[in-house]
Number of protein chains: 2
Amino acid sequence: MPVSSDAESCQVQPALEIIVGKWKCKILLHLLFTGTNRFSELQHALPGITKKMLTTQLRELESQDIVQRVVYPIVPPKVEYSLTPYGRTLEPVLKMMHEWGSTHVEHMRIKQQEIETYALTASKG
Amino acid sequence: MPVSSDAESCQVQPALEIIVGKWKCKILLHLLFTGTNRFSELQHALPGITKKMLTTQLRELESQDIVQRVVYPIVPPKVEYSLTPYGRTLEPVLKMMHEWGSTHVEHMRIKQQEIETYALTASKG
DNA sequence: CGGTATCCTCGATGATACTG
DNA sequence: CAGTATCATCGAGGATACCG
């Protein structure tokens with residue numbers, strides 16, 4: 001599968017579209033590591049998210065065949081979410097991004113430290 | 001480097017922040033494959049981008065140590081952009097996303113086809 | 001419990017014109 | 001050539017209230 005520089009054939013974008021969204025990669029990681037979750041479990045796992053956002057993001061992932069939604073017709077309602085087998089193919093991608101991201105945070109930390117050290121040296125003469 | 005499901009330690013996000021932006025992954029891929037580019041060369045390689053957007057996205061990548069900007073003090077101005085060595089460490093990440101993205105586009109195409117076939121069968125009786 | 005419905009804010013992006 | 005300045009738009013995300 002050749003990677004071309006032709007802007008028209010940039011297939012990074014479709015992959016990006018799955019995981020961009022303020023909560024999506026957190027939802028995906030949580031489902032990857034904890035398996036099936038009820039709606040309320042996801043809500044507690046993602047402090048600050050509203051029901052509306054959680055619903056929106058889950059519905060999008062569902063329409064993309066990444067997340068599976070199972071409704072139990074009982075009272076009170078019970079809805080379970082999990083990754084589809086296809087959704088799990090994202091794991092190596094997420095893992096690689098996580099690793100690069102960790103390195104990057106460290107890289108930026110060191111760079112910032114250098115700037116501060118320089119500023120200190122400069123101010124001291 | 002353990003990947004935790006704890007939302008606080010989601011390091012996918014910092015990686016995402018580098019490549020989200022309407023033009024960033026295209027800029028990165030283009031620089032990866034063609035090396036050093038002048039501002040105008042990038043502009044032609046990205047049909048539809050405005051100078052303002054190109055400047056904005058390049059400046060962000062520069063501040064993150066991904067892209068290098070070299071200004072030649074001549075008239076008319078000449079400015080060259082290239083990936084930093086650190087920026088090139090994104091290559092395997094982008095490549096993996098590109099490959100998953102290609103598979104995903106195909107996956108969605110097949111899924112769509114199934115839906116259409118079903119609709120046809122259903123309408124025929 | 002697991003949602004919808006409404007309304008609102010704000011930042012990413014864009015159009016356009018000007019500049020050293 | 002490689003920008004900057006200014007203004008406008010639009011949709012992702014959020015606050016809040018209500019619902020089966």
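Numbers restart at 1 for each chain; the letters A, B, ... are given by sequence-line order, proteins then strands.
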How long is the line joining CD1 of B:Ile74 and C1' of D:dC1, in whole Å?
-> 9 Å
Among D:dA2, C:dT4, D:dG3, the nucleotide that comes nearest once only the side chain of B:Arg59 is considered = D:dG3
Distance in angstrom units between A:Leu58 CG and D:dG13 C1', rounded | 15 Å
Spell out, yes or no, whether B:Val70 and B:Phe39 are grouped together once hydrophobic residues are joined by side-chain heavy atoms under 4.5 Å, including indirect joins.
-> no
Figure out the CZ/P separation between B:Phe39 and D:dA2, and round it to whole Å.
-> 7 Å
Between A:His104 and B:Tyr86, how do the two ring planes meet: parallel, tilted or perpendicular, split at 30° and 60°?
-> parallel
Taking only the side-chain nitrogens and oxygens of A:Arg38, find out if one of them lies under 4.0 Å from OP1 or OP2 of C:dG2.
-> yes
Return no unless some side-chain N or O of B:Arg69 is found under 4.0 Å from OP1 or OP2 of D:dG3.
-> yes
Return the value, rounded to whole Å, for the distance between atom NZ of A:Lys78 and atom P of C:dG3.
-> 14 Å
Has the side chain of B:Thr84 got a donor or acceptor atom that lies under 3.5 Å from a matching backbone atom of B:Gln68?
-> no
Distance, rounded to the nearest Å, where A:Gln43 contributes CD and D:dG14 contributes P | 13 Å
To the nearest angstrom, how far is A:Leu46 atom CG from D:dG14 atom C1'?
-> 15 Å
Taking only Lys NZ, Arg NE, NH1 and NH2, and the carboxylate oxygens of Asp or Glu, determine whether B:Glu106 and B:Arg109 approach each other closer than 4.0 Å.
-> yes
Length of the CD-P vector between A:Glu17 and D:dA12, whole Å | 11 Å
Residues that B:Glu17 engages under salt bridge (Lys or Arg N to Asp or Glu O under 4.0 Å), provided they are two or more places apart = none
What is the nucleic acid contact for B:Tyr81, judged by heavy atoms within less than 4.0 Å: base, sugar-phosphate only, or nothing?
-> sugar-phosphate
Contacts to DNA chain D from residues 48-57 of chain B, heavy-atom cutoff under 4.0 Å, which residues?
-> B:Lys51, B:Lys52, B:Thr55
Ion pair present between A:Arg69 and A:Glu80, side-chain N to carboxylate O less than 4.0 angstrom?
-> no
side-chain contact (heavy atoms from CB on, under 4.5 Å) evaluation trace for B:Trp100 with A:Ile18 = CA-CA 11 Å; B:Trp100 192 91; A:Ile18 302 293; 3.8 Å; yes
Is there a side-chain polar atom (N or O) of A:Ser40 under 4.0 Å from OP1 or OP2 of C:dC1?
-> no
Touch class at under 4.0 angstrom, heavy-atom based, for B:Pro77 against every strand present = base
